[in-house]
Amino acid sequence: MSKTNKILAGFGVATALGIAISPLAVFADDPTTVDGETTINAIIEEVLSLSLTSSGTTGSYDCSTAANPNCSGTDQRTRATILPSQADLDTMYTIATVNTNSVNGYDLTLTDSDGTTALTTENNDTIATINTTPTGGTNPGWAIAIDKDDQGWSGTWYQVPALGSTPLPLKSSHPTPAAVTVNAQTKVTYGVAASSSQPTGIYTDTVVYTATTGV
């Protein structure tokens with residue numbers, strides 16, 4: 001018999017005997033029981049990772065810290081051999097892969113690693129960055145394309161911004177409804193064109209990819 005049933009039975013017997021009884025409310029609370037509450041907060045920290053895989057490299061470079069998305073120390077290299085008056089618009093590229101548990105998505109941007117945006121040799125010969133299609137001989141320079149198809153592509157070529165200037169947006173993903181991001185890939189192609197009198201040498205520059213969670 002439950003605690004409540006025992007109290008009610010005692011009240012009935014006392015009434016039959018004509019004994020003065022205190023109100024039932026006195027018996028409603030159990031003085032031998034007290035309650036307490038605990039709130040459980042499981043905090044899932046935000047995670048952001050950026051992995052780069054470039055043509056001509058054997059492995060990828062992973063940057064998995066949300067606090068410092070501008071990781072350095074990579075050995076990602078991509079190269080092509082170009083003759084004077086020629087261009088390479090397909091073979092040099094990087095695939096950037098973003099993963100994050102932020103339901104607000106992410107933004108992926110690119111800048112040069114320093115204030116010099118030209119491809120430069122040890123002898124200080126240069127190929128300037130441009131915002132049009134690099135063309136051998138007639139429009140020498142280098143630029144990048146976002147998610148370029150190798151065949152029949154007629155999209156936009158972009159100039160690489162110097163470090164400290166406004167970064168170049170590569171991809172912006174803010175899903176609706178909110179959702180986490182799993183293996184979101186962006187392909188960035190580097191197009192380079194030489195002039196008809198381009199000096200020989202290895203022309204080099206470094207760019208920085210930055211992934212940031214949405215707000």
Side-chain angles (χ1 to χ4, degrees), residues 41-79 89-120 127-134 141-150 153 155-192 204-215:
N41 291 321
I43 301 174
I44 308 301
E45 292 192 356
E46 190 171 87
V47 176
L48 172 68
S49 68
L50 173 63
S51 174
L52 304 179
T53 304
S54 298
S55 58
T57 58
T58 57
S60 64
Y61 178 78
D62 293 319
C63 177
S64 58
T65 169
N68 181 24
N70 294 320
C71 290
S72 60
T74 70
D75 192 26
Q76 292 284 297
R77 299 173 184 270
T78 180
R79 69 171 57 190
L89 305 180
D90 295 312
T91 62
M92 294 186 290
Y93 62 85
T94 294
I95 296 176
T97 304
V98 176
N99 284 278
T100 180
N101 64 348
S102 171
V103 295
N104 295 317
Y106 72 95
D107 295 288
L108 181 65
T109 61
L110 178 145
T111 64
D112 201 273
S113 64
D114 54 30
T116 302
T117 58
L119 299 176
T120 308
I127 298 176
T129 181
I130 58 177
N131 61 1
T132 56
T133 304
W142 80 285
I144 69 167
I146 304 168
D147 289 331
K148 176 184 179 298
D149 294 328
D150 291 342
W153 186 81
T156 302
W157 289 91
Y158 296 94
Q159 187 172 14
V160 176
L163 181 66
S165 58
T166 302
L168 176 67
L170 299 177
K171 188 70 64 68
S172 181
S173 175
H174 302 282
T176 302
V180 300
T181 300
V182 179
N183 292 334
Q185 293 189 337
T186 302
K187 181 179 180 181
V188 176
T189 302
Y190 314 102
V192 181
T204 303
D205 191 35
T206 301
V207 295
V208 177
Y209 291 81
T210 301
T212 308
T213 53
V215 294

Gap between atom [atom2] of [Y] and atom [atom1] of [X] - 0.5 Å precision:
{"X": "L110", "Y": "L170", "atom1": "CG", "atom2": "CG", "result": "5.0 Å"}
{"X": "R79", "Y": "S54", "atom1": "CZ", "atom2": "OG", "result": "13.0 Å"}
{"X": "T206", "Y": "L163", "atom1": "OG1", "atom2": "CG", "result": "11.5 Å"}
{"X": "L108", "Y": "Q185", "atom1": "CG", "atom2": "CD", "result": "12.0 Å"}
{"X": "K171", "Y": "D147", "atom1": "NZ", "atom2": "CG", "result": "4.5 Å"}

Indicate yes or no: at least one non-hydrogen side-chain atom of [X] is less than 4.5 angstrom from one of [Y].
{"X": "T116", "Y": "D205", "value": "no"}
{"X": "I144", "Y": "V160", "value": "yes"}
{"X": "K148", "Y": "Y93", "value": "no"}
{"X": "T53", "Y": "T97", "value": "no"}
{"X": "S173", "Y": "P175", "value": "yes"}
{"X": "L52", "Y": "Y209", "value": "yes"}
{"X": "V98", "Y": "Y106", "value": "yes"}
{"X": "Y158", "Y": "L168", "value": "yes"}

(request) Starting from the C-alpha separation in whole Å, work towards a yes-or-no answer on side chain to side chain donor-acceptor pair (under 3.5 Å) for T94 and Y190. (result) CA-CA 8 Å; T94 294; Y190 314 102; 2.6 Å; yes

(request) Could you check M92 against T189 for side-chain contact (heavy atoms from CB on, under 4.5 Å), going step by step and ending with a plain yes or no? (result) CA-CA 6 Å; M92 294 186 290; T189 302; 6.0 Å; no

(message) Name the residue from V182, L48, V180, L50 that meets the side-chain contact (heavy atoms from CB on, under 4.5 Å) definition with T100.
(response) L48

(request) Could you tell me whether the side chains of T212 and D107 share a donor-acceptor contact shorter than 3.5 Å? (result)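 Distance-only check fails for T212 and D107.
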
(message) Ignoring hydrogens and geometry beyond distance, is a side-chain donor-acceptor pair present between S172 and H174 at under 3.5 Å?
(response)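 Yes, a side-chain donor-acceptor pair sits under 3.5 Å.
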
When you measure from the side chain of [X] to the backbone N and O of [Y], does any donor-acceptor pair fall under 3.5 Å?
{"X": "Q159", "Y": "T129", "answer": "yes"}
{"X": "T120", "Y": "T204", "answer": "no"}
{"X": "N99", "Y": "N183", "answer": "yes"}

What are the two closest heavy atoms between [X] and [Y], and how far apart are they?
{"X": "N101", "Y": "I44", "answer": "ND2-CG2, 3.8 Å"}
{"X": "A143", "Y": "T132", "answer": "CB-O, 4.0 Å"}
{"X": "A128", "Y": "A118", "answer": "CA-CB, 4.1 Å"}
{"X": "L89", "Y": "P134", "answer": "CD2-O, 3.7 Å"}

